[in-house]
Each structure stands twice: as structure tokens, then as C-alpha cells.
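What's counted below: heavy atoms across the whole structure, side chains too, no hydrogens, waters or symmetry copies.
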Amino acid sequence: MMKEKMLNWVEERFDLSAIRHLTREKTVPVHRYTPFYYFGGLALFFFVVQIVTGILLMLYYKPTGENAYESIRTIMTQVRFGWLIRSIHVWGTNLMMLAVLLHTFAKYFLKAYRKPRELTWISGFFLLVLALGFSFTGHPLPWNEFAYFAAKIGTASIGSVPLVGPWLLEAIRGGQGVTGNTISRLFALHVVVLPLVTIGLVILHLLFVQIQGSSVPIKVKPVGEIPFFPNFFLRDLRVWMGALIVLVGLATFIPAELGKKAAQFASAPAGLKPDWYFLPMYQILKWIPSTILGISGELIGIGLISTGALLILVVPFLDVKASREEESTWFTVIGVFVLFVFMLAITIYAKLY
Amino acid sequence: MRKIITIILVFTALAVYQNVHAEETSCQACHAKLNGRLSEPVTQWKNSVHHQAGISCTNCHGGDPAARSESSAHNEKTGWIGKPGPIKSVRICGNCHGNELFMKKFDPNARTDQLKNYLTSNHGINIMFKKDGKGATCVSCHGAHDVLKAMNPQSHVYPTRVVETCAKCHADKKLMAKYGISGNEVSEYKKSVHAKALYEGHDLFAPTCNDCHGNHGAVPPKAASIEDVCGLCHALDQKLFNESPHKAWKESGLRGCMECHGNHAILKPTDAMLAPGKGICLKCHETGEKALKTMNTMYSTLTGLKRKMENTKKLVDTASEKGMPMDDALLILQEARNSYIKSHTAIHKFNAAYVQQTAQGAFKEVIKAQKIAHARIAEIKKRRAFFYWFGAVIILLILLLSIKIRIMVKKKKRLP
């Protein structure tokens, strides 16, 4: 009774038909690939976890060269549940990247990018880039030895971008070298710029999904459909709760490390490698010689990686067969060997050697 | 025109030849063409500090560097002396190296007391006064032609090479027997903690032969000076030793530090040196003496502290492996370790109460670190217990949700 009264009160002032439509009319097709629909929701769940834990960390974190490391130490040792929040934030990054990559692979192999969902794919691609950007800008913030060299090496590659590289490098570093200024700048990007852009793009991405509904793979006939609310949402919720157990378990049993405070003149610690999701890029740059025919190897590497990324971005326009609802075996084969097997192999190789 | 060019070219070539020839003395020009030991000096000298300083062959050997034939170059009228003998070579070196005004042209801080010191050494006495011709001269250690500054890593007297240089004579048992020296000194030194620091730890300040025996004025330290020699580095040990009941050792004819630690084969001291029934004190003291009671007490204090430190380190490592930040405890343990080292130094006072008092500081630090480690391990258990409860609640919720989903599916199936 009370609920109805409240809804009527809102209804008289705002048109809630779109939300009513979402809750009553939105359905999810049921077929053998339906479980793949969970990955997108899972990535969203981890993103929300990152926002919540990020806000909590911001209450104590101080983004300056002098205080960053000490504030993280305070969070880890003095603040009640600070260790848990930071560890969840650190593990959340890894699990979010995993969910985002699985979501991308699933959508690629199910050819969900085909007409009319090209823009959903493109917005999703940029969300993947933004997720990498979050990691890139967040990793140096604890200002420990590992973070310092990650920032130094990571930002150095920006410098080899043609024309704007040196300017961009100085803009991100806040000077020639990696200093306290770099932390302030990366922090601003990490907590203001990237979240604003990401939230906007997530809304757009979800809007596309909402308008066009879930994609059904080529030549797959759904056996039926289930309402999104509450049926699919409850299933989503169940997956999220499972993910939460994994996340808290990892944070409890393998808490985030604090490391040693960054020292500008110290030598790089042994075995310094980027996070696993940056390993393919790292390995490619490592393999390329320092110069090829007088051109900087780093520049060639960045060029190759950018070309690969561009090809992934324009896949909906390249895969003409899929847009005609025909099987495009070649894209599946390329996907299996280039996107999955090669990336997995290069990641494992880079991790081990 | 062609003729003029040819003449110019011929004269230019001659001028260049003359110029090259003028820089090179006849000593180098001839000896470089010879074989083996007669040509080696040229190469060696070219890389030496003497070549850098412009000191040439004739400065030591005499002769005429501008001569065109061997007979005129090696003419005694031009002061040629050939290969100088031991006494002469010392004097030749001393001529320059004992001349302050000359040496300061090259280095304002150059030493000029080498010859003076050498004459006080056993090497110098044997060569210059006893004239036995067997002692070491300047060239025996520094080389004749390949003389380098002492801190040049290629020099024969560089810290990592000087032991081998001394070993050339001192490892020769037959030669050493004449002087009442065993000839085992070098091999014993190589087993020592000092050699380990030098060769394995690459510590150039680690003592080598010349740090204890002197270099130019090399003498074996007498019983009275051993303690002072060791005290140059081990100052606190020396101070405590002088405060100990052993301070009267000089009168008893004992040789200070050497009595317990040896001389060349000085091994890393361990607690076992104080072990009841086996300790080093038993060398002089007899069962039932008060000194052995002191030894036993010092042993139990030090080994007790060591055990406690090791156990605490294990606890700290356990907490660290489980993800707890333990650098505060590690820092305290490091301080405890420093106090532990001080407790070892305290032994030299041979006063059990003093050792216990010094070790007390370390004990306090270890207990502090132990408390931190216990608290962190308890915190780990608490965190894990929290997770088990949290996990159980979430799993229960997942089960309830699954039941709800199943009911919804069944309801839908029942609908027409």
C-alpha cells in the first residue's frame, strides 16, 4: 500500500515508463550460450566494487611523494579493515580485468559485434582500454619500489609516441622524471578523469544493450526467454555473490603487499614485470630490437600494438559475413589463434622468463 | 712539377720518421725487437706508472738512450749499470722515492718514508745490513718494470693481490726455514675470516699481510704489540680486554688476542668457543676454576639469546609469509642483532655479569619483536575466521537465492 502510494507520488511527477519497461518487458534469450551473458554483469560488479573501495581508500590516501607510501602503510596497519579494503581494491583490479577480457572474448566468439551492435562493441572496446588505464594510473599510487619503477618504465613508453610523445610524457610525469608530481597527476586521472569517462561510457554501453537487447549467436535458436527482472537479475546476483567470496577470500589469504618505499636513486628490483594483463605488450616490446632500419624499436612496437588494437576495434566492419548472419569461420580461427592462444602463450612466456 | 712533389713527399716522410724516432729511445727500439725477458720490460714499462711520469730506462739502468749501437748504449762510461743487484735496486728506488721535492712534483701527498721504513724491516736488514741477498727488495713486491700505484687493481700490492705477492717467498717453506718461519702463513690466512671478507665479500678494507705486519717496515708483531695491531680495527674488543682480568697477560708472556683466535688462520668466532667442557678457556684454565664458571655463564647467556632470536625470526617470517607487514618487527630484530653482536664483544671483558647486562638489551628487543609477531599471527587467525563466517553467510544467501530461482522456474512451467 505504502509502496504503491510512493510510486504514484513519483509517477505524478516523472515518467517512469522506461524503467517500467525495463523491469517488466526486458527479457534474456535462453540458449546453450546464455551463461556467457554473465561476464558483462560480472565486470560491472567488479567496477562497482572498485568504486566503493576506491572511495574508502581516498579517505586516508595522500597523493604526494612524501606521504603516499606512509598513508598506504597507515591504511594497511592502523585503519580498521583498511588492509581488507586495499586488498580487495588490488585483487578487484585483477578480477575486473579478467571479467572484462572474458566478456570481450565471449562477445568476439559469439560474434555479438555484428550489425546492428557495432557501437556496443566499439564502446566496449574503449571500456577495455579505460580498464587498462585505471590499472596504469593506479599502480604507481602506493609509491613503493615496484610502483615507482612501474611508473618510470610505463610512462617512458608514452614518450616514444610520434610528435606528441615528449609533451605527453612531461604532462603525465609533471616534469622530466618520475617524482611526487607524477603521483598527483596519475591520482587525478585515476579518481576523477577516468571514472567520469568510464561511467559515461558504461551508461552508453548499457543503453545500447537495453535498446537492442542481448545478441543471439549466429544460427542459434533460443529455446525461450526469461524476464530480466527478477529471473536473470537473481542469477546475476548469485554470480556476483560467488565473485564476492572469491574476492574477499583472495584479499584475506593473500593480502596486498606494501613493499619498500620508492627510492629515486635505487636500482630497479630484480624480476620487475608489469601486471599479467600488460604482459603481452611488455613481451612484444621486449622482443623488438632497440632499432630497426634506423627507426626506434619501441616506436615500432607501439605501432604494432596500436595496429592490433585498431583491428580489434573495427572487427564489426571487417567481418562482413557475420553482419549477413552467415558463419564467419575465419574470424573464429583468427580469434582462437591470435586473440586467445597467442595472447595466453605470450603471457605465460613473459611470466616465466 | 712532378719532381717538386716527389721531393716534398720524400722530405715529409723523412721528417715524420725522424719525429717518431726522436720520441722512442734506442733502449725501447732495440729491446722491443728482442725476444722473451729482454723485450718484456718494454711492454711492462709502457703500462707502468713510471712511463706515465716520464721516468725512463736510463733513470734506473743508466746508458745512452740516443746511441745507435748496443756497445755505445751499454757503455759504462755513460753510467750503464745493467741489471742492478738487490742493494743497488733499493738505493735506485730510494733516490727518487726518498726525495720529497722530487716526489711532490707528481703527488703532493706522496710518501717519502718508504726507504727509511724498509731499513727497519727484516727484509731491509737482511738485504742492506746482513747482505744475505735473499730478502725482499722494492722490486720483489712492486715489480721491476710493471710498477703501478698500490690501489691500481693490476698492481702486485693491490689488496686482493698482495697476499700472492708475499706468498712468492713466504709460501716457500725451504726458503722460510732459514729464517725460522713455517711457510704455512699464507695457506692459513686463506682459511681465515679476514680472507673470506676480502675474497668472498670483496671488502678491500679486510686485513691482508701488510695491514698487520706493515708494508715497507714489515716485521712480525711482537707479543706486546699484537693487541694493539688487532685493536686498530677491533677497538672496542681491545678496550674491554684491557679492562679484563687478562690485562696482566703481558707480564705472563701470553700473546693477547692470538691465544684464543690464532694469528693467520683467524676463524669466525662462534659460541662453541665458550662451550662447557670444550671451550677455549680450557687451554689455560683448569676444571673448578672460577674462570670456567664465567665461561659457562657467558655461553648460556649468548646461546640463549641466539635461540630466542632465531625462534622470533621464524615467527616474524611466518606472519610475513601470510601477508602481514612485519618491517617494524624486522627493524626491532635488527636492533636486537646489533645488541647481540655487542654481547659477543662484551666477552672480552671476561665478566659474566657484564655480558648478561649487555645481552639484556637484546633480550628486551627480541621480546618486543616476539610480541608483535604473536599479535600479527593472532590477527591473521582473526581475519581468516572473519572470512569463514562471511563466506558461510554468502553461501547461505546463494543457496536461498538458488531455491528462489528454482521456485520461479517451476512456477513458470506450471503456467499454461
Side-chain angles (χ1 to χ4, degrees), chain A residues 27-28 30 34 38 45 69-88 90-91 142 144-145 223-261, chain B residues 202 315-334 368-416:
Chain A
T27 56
V28 176
V30 178
T34 301
Y38 293 129
F45 166 74
Y69 179 82
E70 277 71 20
S71 63
I72 294 284
R73 167 185 287 282
T74 308
I75 290 168
M76 291 299 282
T77 56
Q78 311 289 317
V79 178
R80 191 179 286 257
F81 288 110
W83 65 272
L84 182 64
I85 300 300
R86 178 167 174 250
S87 300
I88 287 179
V90 171
W91 277 110
N144 54 28
E145 226 177 23
V223 290
E225 52 185 26
I226 54 167
F228 183 80
F229 271 113
N231 300 44
F232 192 78
F233 179 73
L234 288 181
R235 285 172 166 83
D236 250 346
L237 198 63
R238 195 168 55 176
V239 173
W240 295 351
M241 285 199 280
L244 188 65
I245 294 184
V246 174
L247 185 57
V248 178
L250 285 169
T252 308
F253 286 92
I254 316 168
E257 285 181 1
L258 187 62
K260 284 183 191 165
K261 191 177 177 173
Chain B
H202 308 288
L315 271 181
V316 170
D317 287 345
T318 308
S320 183
E321 278 157 21
K322 288 180 177 167
M324 296 304 285
M326 296 302 293
D327 36 0
D328 48 354
L330 283 171
L331 193 70
I332 293 170
L333 268 185
Q334 184 54 48
K368 224 192 275 175
Q370 211 174 37
K371 273 185 186 166
I372 293 174
H374 279 306
R376 300 276 157 84
I377 288 169
E379 171 70 15
I380 294 166
K381 282 182 187 160
K382 213 167 91 184
R383 286 178 184 185
R384 291 187 177 182
F386 157 80
F387 172 73
Y388 296 136
W389 280 106
F390 173 81
V393 170
I394 300 286
I395 287 170
L396 188 69
L397 282 175
I398 291 175
L399 287 175
L400 290 173
L401 209 57
S402 299
I403 294 166
K404 166 90 179 156
I405 291 167
R406 188 163 283 204
I407 291 167
M408 280 163 65
V409 172
K410 274 185 185 166
K411 221 185 239 177
K412 200 188 165 197
K413 274 185 188 164
R414 258 187 254 126
L415 288 173

Trainee: Under a 4.5 Å cutoff for heavy-atom pairs, which residue among B/Tyr388, B/Phe390, B/Phe387 has the most contacts with chain A?
Mentor: B/Phe387
Trainee: At a 4.5 Å cut-off on heavy atoms, which part of B/Asp327 comes close to chain A: side chain, backbone, both, or neither?
Mentor: side chain
Trainee: Could you look at A/Leu237 and say if it's the side chain, the backbone, both or neither that has a heavy atom under 4.5 Å from chain B?
Mentor: both
Trainee: Are B/Met324 and B/Ile377 side-chain neighbours, meaning at least one heavy-atom pair lies under 4.5 Å?
Mentor: no
Trainee: Between B/Leu330 and B/Val316, is there a side-chain heavy-atom distance shorter than 4.5 Å?
Mentor: yes
Trainee: So which residue, A/Phe253, A/Phe81, A/Trp83, ends up with the most heavy-atom pairs under 4.5 Å with chain B?
Mentor: A/Trp83
Trainee: Answer with side chain, backbone, both or neither: which region of B/Ile395 has an atom nearer than 4.5 Å to a non-hydrogen atom of chain A?
Mentor: both
Trainee: For the residue pair A/Trp240 and A/Tyr38, establish whether any side-chain heavy-atom pair is separated by less than 4.5 Å.
Mentor: no
Trainee: By a 4.5 Å heavy-atom criterion (distance strictly below it), what part of B/Glu379 contacts chain A: side chain, backbone, both, or neither?
Mentor: side chain
Trainee: Could you check whether any side-chain heavy atom of B/Ile403 comes within less than 4.5 Å of a side-chain heavy atom of B/Ile407, counting everything from C-beta outward?
Mentor: yes
Trainee: Select one option (side chain, backbone, both, neither) describing which atoms of A/Ile254 are under 4.5 Å from chain B's heavy atoms.
Mentor: neither
Trainee: Only one of A/Thr34, A/Val28, A/Ile226 forms a side-chain contact (heavy atoms from CB on, under 4.5 Å) with A/Arg235, so which one is it?
Mentor: A/Ile226
Trainee: Can you tell me if A/Arg73 uses its side chain to pair, donor with acceptor, with the backbone of A/Gln78 under 3.5 Å?
Mentor: no
Trainee: Sort B/Ile405 into side chain, backbone, both or neither according to what part of it lies under 4.5 angstrom from a heavy atom of chain A.
Mentor: side chain
